[in-house]
Amino acid sequence: MALLLIIVHTLILVAGLSLLGQGIVGVFNWRRRHENFVYQLFSIITRPVVSFRSPDHAARVIPR
């Protein structure tokens, strides 16, 4: 059980730090961030975390 908690904690830590790094790289190179290798690497690492949301997420957005 403790090993499972350590693994989950480490995965959350890596995902969080990758999102932070992606944000920092994006701030310094906003216009061409999608061409930046480091930004793309962080994007690949964080893709499962960012895409982890409910399937009806778009349906809950209230249009103005």
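Start at 1 with the first residue, then count along the sequence.
For the side-chain contact (heavy atoms from CB on, under 4.5 Å) criterion with V8, the lone passing option out of L11, I12, L5 is I12.
Across all non-hydrogen atoms, the minimal contact from T46 to A15 is CG2-O, 3.9 Å. The two residues H34 and Q40 make their nearest non-hydrogen contact at O-NE2, 2.6 Å.
Atom CD of Q22 sits about 11.0 Å away from atom CD1 of I24, to the nearest 0.5 Å.
There is no path of hydrophobic side-chain contacts, each under 4.5 Å, that joins L4 to L13. In terms of hydrophobic clustering, with Ile, Leu, Val, Met, Phe, Trp and Tyr side chains grouped at heavy-atom distances under 4.5 Å, F28 and F42 are assigned to different clusters.
Side-chain atoms of S43 do not come within 3.5 Å of backbone N or O of Y39 as any donor-acceptor pair.
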